[in-house]
Amino acid sequence: MSAANYTTTEMMTVAASRLLKNGAVCFVGIGLPSTAANLARLTHAPDIVLIYESGPIGAKPEVLPLSIGDGDLAERADTVVSTPEIFRYWLQGGRVDVGFLGAAQIDKFANINTTVIGDYQKPSTRLPGAGGAPEIASCAKEVVLVLKQSPRAFVKKLDFLTSVGYLDGGDARKRLGLPGNGPSAVVTDLCLMRPNEATKELTVAQLHPGITREQVQKATGWEIKFAANVPETAAPAENELRVLRDLLHRTAVAHGQTPAA
Amino acid sequence: MSAANYTTTEMMTVAASRLLKNGAVCFVGIGLPSTAANLARLTHAPDIVLIYESGPIGAKPEVLPLSIGDGDLAERADTVVSTPEIFRYWLQGGRVDVGFLGAAQIDKFANINTTVIGDYQKPSTRLPGAGGAPEIASCAKEVVLVLKQSPRAFVKKLDFLTSVGYLDGGDARKRLGLPGNGPSAVVTDLCLMRPNEATKELTVAQLHPGITREQVQKATGWEIKFAANVPETAAPAENELRVLRDLLHRTAVAHGQTPAA
Amino acid sequence: MAEIISLREAIGSLLRDGDTVAMEGFTHLIPFAAGQEAIRQGRKDLTLIRMTPDVIYDQLIGAGCAKKLIFSWGGNPGVGSLHRLRDAVEKDWPKPLEIQEHGHGDLSNAYVAGAANLPFAVLRAYAGSELPQHNKNIRFVECPFTGERLAAVPAIRPDVTVIHAQKADRKGNVLLWGILGVQKEAVLAAKRAIVTVEEIVDNLNAPPNACVLPSWTLAAVCHVPGGARPSYAHGYYDRDNRFYQAWDDISRDREVFLNWIKKHILDTEDFSAFQRVLNESTKEQLV
Amino acid sequence: MAEIISLREAIGSLLRDGDTVAMEGFTHLIPFAAGQEAIRQGRKDLTLIRMTPDVIYDQLIGAGCAKKLIFSWGGNPGVGSLHRLRDAVEKDWPKPLEIQEHGHGDLSNAYVAGAANLPFAVLRAYAGSELPQHNKNIRFVECPFTGERLAAVPAIRPDVTVIHAQKADRKGNVLLWGILGVQKEAVLAAKRAIVTVEEIVDNLNAPPNACVLPSWTLAAVCHVPGGARPSYAHGYYDRDNRFYQAWDDISRDREVFLNWIKKHILDTEDFSAFQRVLNESTKEQLV
């Protein structure tokens, strides 16, 4: 397995896609979540159901959408409903198995920040905001988080808690009475983390090929824990890589970008 | 104007239809309200908008529906939405100018009963129930009631208050904080009543041709009041009668009934 | 994913004695075949929910399948009373029927709340009405912003919802159109949903934004052509107004009713046998 | 009944300084032409509501039309930040911008409540989130049946809602399809609604149960072909992803932005003139 074979972003995308079971109903955001979910659909999970917050249910995009409401999503969906209906009947209605989220910051209990860096009133960086994240974090049966690992992103204390993971850990989330079970995995370019069953603290469960514990610790703003047993993530299979690259290539062409060489 | 010219039911229907202004948005129940509203549409109010609780908005039925959800209502409507949407966005949303209701019993403050005759727990007659009436009575900007006049229907005390008119009169309704203004008219086979501006007590405002005050009093379970000036209702015009009878005739034919001679 | 199975299997495996069941369809697409199959299989102690009970529930109530009815308007549309419903409420025949009554706006909101996994719905109604005095499931709440007083009703979450629709594809995705009533909400509010359809096709060819229920929201799809008769299926057949009229006579008398149920439902094997027998009865009447 | 008038007249007579305005369209059918006409006419002190502010509000905010923004996700979809929005929030340029932020589910529920004439909406969210600490319009209520604690948000009732749609007929009835977002709710929640459309036809030929807004729910319908560009209109034209990308450069620098606004919007007479000038600019860039 040579490092030249695939990028760390590809590894992250492939690892995330593998978490989606065939037939699962998946609430998909734009970017990495959408890429990973469609990779799953085009490989091991042909019957996965993709729901986009703009309204498509059972979307089967030919190319990855650039925006959450691309026409291609509507064209080949099982149905397209209004955005209020998506949030009311489908997400809050308890029909979403996996909610896929990214974040600017995450803490050790998988709470996330997508609102501001710095003070809320006078932010140093104004981020896009909540989007559907607070509702996804509350209502999806399971949440998978996907983001690149760095000390700026994996922080000791969030600048702002936009969407709840396990709050202060333990049974804190359970006590909030939210219908969803919370984050089941965090997939990064370095590893895959799972919440500890009792404490709910994120714990490294798999290291991607060639990644060391030291690299992971360096990219984390708190003292990261490792599971008793930390297997290596299976490297992307040839099939996974081919499908992923084809998808990204035809996406770039369709959106009028010069495809990467 | 000879009494043989038209029936008292025809007079009632025509009088009710005249209350509907062209362009008004009208929430229509089956039976007399539907007949009167369609008569208005086919005579002086071609742009009237008919909403049926089953979902059609801007219905233009060829023949009168037998049920509230006949296919003809959907076929030629501007759009057909779900029943929850009808009640939420259209009626409660404040878009209905006139709600048209019938009743088994009515009192002098235009409160109505469509629930039971006798005791609620052990009724002597179980009536069909509320239907959309409580919400129409609450939310339509104006309510018009249409029913045949008799002491059994126009009662001193309702056996059950299903849908509110002016409660105990005066500003009692206003104090309930309902969005709609309440009943503006009660049309019967004998006369047309309006609520008194201050007391809200139903007061005879018009007598249909040939009807006497004594006949009205006899058909009313309380001491009925008359306005200072009680003009005679204009008899059905030739055009009104022709359109009404044509409508009822083609309705009977369409529904496979033997049309009345 | 919905299984595509016979109606007998669907009712047999998914609708149990004591269940809370909603059979919806606002005059259009009423799932008569499914209701009759429940009678045929002798279901007991059902709590029936339906905005407009109609003839379908008159049959179930008269046949003794129900212990409770949650409804908002109980009549034979365009005809008059539901005699079996009235007989149960007024005279406890064939057994007492507990009733819980609402308004249409209220019940349709309650289905919406069920579909949205909310415990209650809020609406502007019932101020001044006596209904809340007889229905502890109509309460009042205050708006936390304006202080306004609004009616509140609990969400409906049926064990089973049954509807009829025009089409399904071979995966069990369902398309319906025309008057939609509360069917979508009733399905999404339910633990298990059964849909009978006019036809099963290769491709739904649904227009954009049509009312489609994905297969994975349903437990069973059953191919039952004519399954909404005597109500109608837009694009397939019209309402049989004559039957609604005839029902007034059939249902008025207990004996006549029981004989009709025995001959047409209990003694027939399934809905297509029912339709054959019914056609014969109708011909005899016309002779 | 909707009047069929020019966009200039519609914005001139229906959108006033200080109004609360919702311009909706979830990536699809964003009413860019109408937003730019508001800039052209120099509207001031607007409270802008939109789930996804997008480039349309970046333009309005940068041009100084807004005093407040109510939103749930403020980015340039598929590209990155909205630089004018960030500059206003982070550096008060061109003026301070008050923000009130929600989640998507929250805002879409708030539109539903507005359309339904309810003062508030209830949803399952925000437990544990810090958003309620910074937004007094997120509160909590108790279910009167189960005692559960749920989030509550006030209804949105804009003075004006502006949307773009595919078709209107000559009476002003409007049909839209594809991704519908919250447009219907935003229109029904508003005091006045303006709809720009791709074409005006004799007959909408709407499929059953399509999203149709009757003329009498609208104040004005304006024929503005291409009025959603650079977003897209399903069945008419695709999203101009290159423009969204280009906007990143145009909007990053205050001077470049102001020059762009002057040349393309303030110095053009209307949307078709804007499109001509924009096409020329684009050609120059490609040379």
Side-chain angles (χ1 to χ4, degrees), chain A residues 20-28 41 45-60 69-99 132 135-141 177-181, chain C residues 1-3 108-122 155-158 161 165-177 180 182-193 195 201-219 221:
Chain A
L20 300 175
K21 291 196 191 74
N22 196 20
V25 178
C26 192
F27 198 100
V28 186
R41 182 174 64 82
D47 294 326
I48 197 171
V49 177
L50 305 187
I51 297 185
Y52 287 80
E53 63 197 14
S54 58
I57 294 172
K60 302 161 202 76
D70 275 18
D72 189 33
L73 295 175
E75 204 73 70
R76 291 156 27 86
D78 292 332
T79 182
V80 181
V81 303
S82 73
T83 297
E85 185 179 320
I86 285 286
F87 281 94
R88 292 161 59 85
Y89 291 179
W90 300 84
L91 176 59
Q92 187 177 269
R95 299 182 177 278
V96 170
D97 295 318
V98 185
E135 293 91 357
I136 295 168
S138 299
C139 295
K141 286 178 198 157
L178 297 166
N181 297 315
Chain C
M1 296 290 283
E3 281 188 285
S108 60
N109 269 289
Y111 276 118
V112 167
N117 189 26
L118 289 173
F120 71 110
V122 166
I156 292 176
R157 304 302 303 257
T161 284
Q166 280 108 330
K167 285 184 192 179
D169 66 19
R170 294 186 199 289
K171 289 182 177 168
N173 299 302
V174 164
L175 170 66
L176 55 162
W177 68 87
L180 301 173
V182 291
Q183 283 102 302
K184 180 174 189 168
E185 286 75 15
V187 163
L188 296 180
K191 297 195 186 86
R192 304 183 289 283
V195 185
V201 296
D202 289 330
N203 193 326
L204 289 179
N205 286 320
N209 313 117
C211 182
V212 172
L213 293 163
S215 177
W216 51 274
T217 62
L218 309 172
V221 168

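A, B, ... follow the sequence lines: proteins, then strands. Residue 1 opens every chain.
The existence of a salt bridge linking A:E85 and C:K184 is confirmed by a sub-4.0 Å separation between a basic side-chain nitrogen and an acidic carboxylate oxygen.
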Audit row: C:N117, A:Y89, side-chain contact (heavy atoms from CB on, under 4.5 Å) steps and yes/no: CA-CA 7 Å; C:N117 189 26; A:Y89 291 179; over 6 Å; no
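With chain A as partner, the option from C:L118, C:D169, C:L175, C:L204 having the largest number of non-hydrogen pairs under 4.5 angstrom is C:L118. Ranked by non-hydrogen atom pairs under 4.5 Å with chain A, the options C:V212, C:L188, C:L213 are led by C:L188.
Residue C:A115 touches chain A through both its backbone and its side chain, counting heavy-atom pairs closer than 4.5 Å.
No side-chain heavy atom of C:M1 sits under 4.5 Å from any side-chain heavy atom of A:D47. The side-chain heavy atoms of C:T217 and A:W90, taken from C-beta on, include a pair separated by under 4.5 Å.
The main-chain N or O of C:P214 is never found under 3.5 Å from a side-chain atom of A:D78 such that the two would form a donor-acceptor pair. Side-chain N or O atoms of A:Q92 include one that pairs as donor or acceptor with a backbone N or O of C:A116 at under 3.5 Å.
In C:K171, the NZ atom is not crowded: 12 or fewer heavy atoms of neighbouring residues, nucleotides or ligands sit closer than 6.0 Å.
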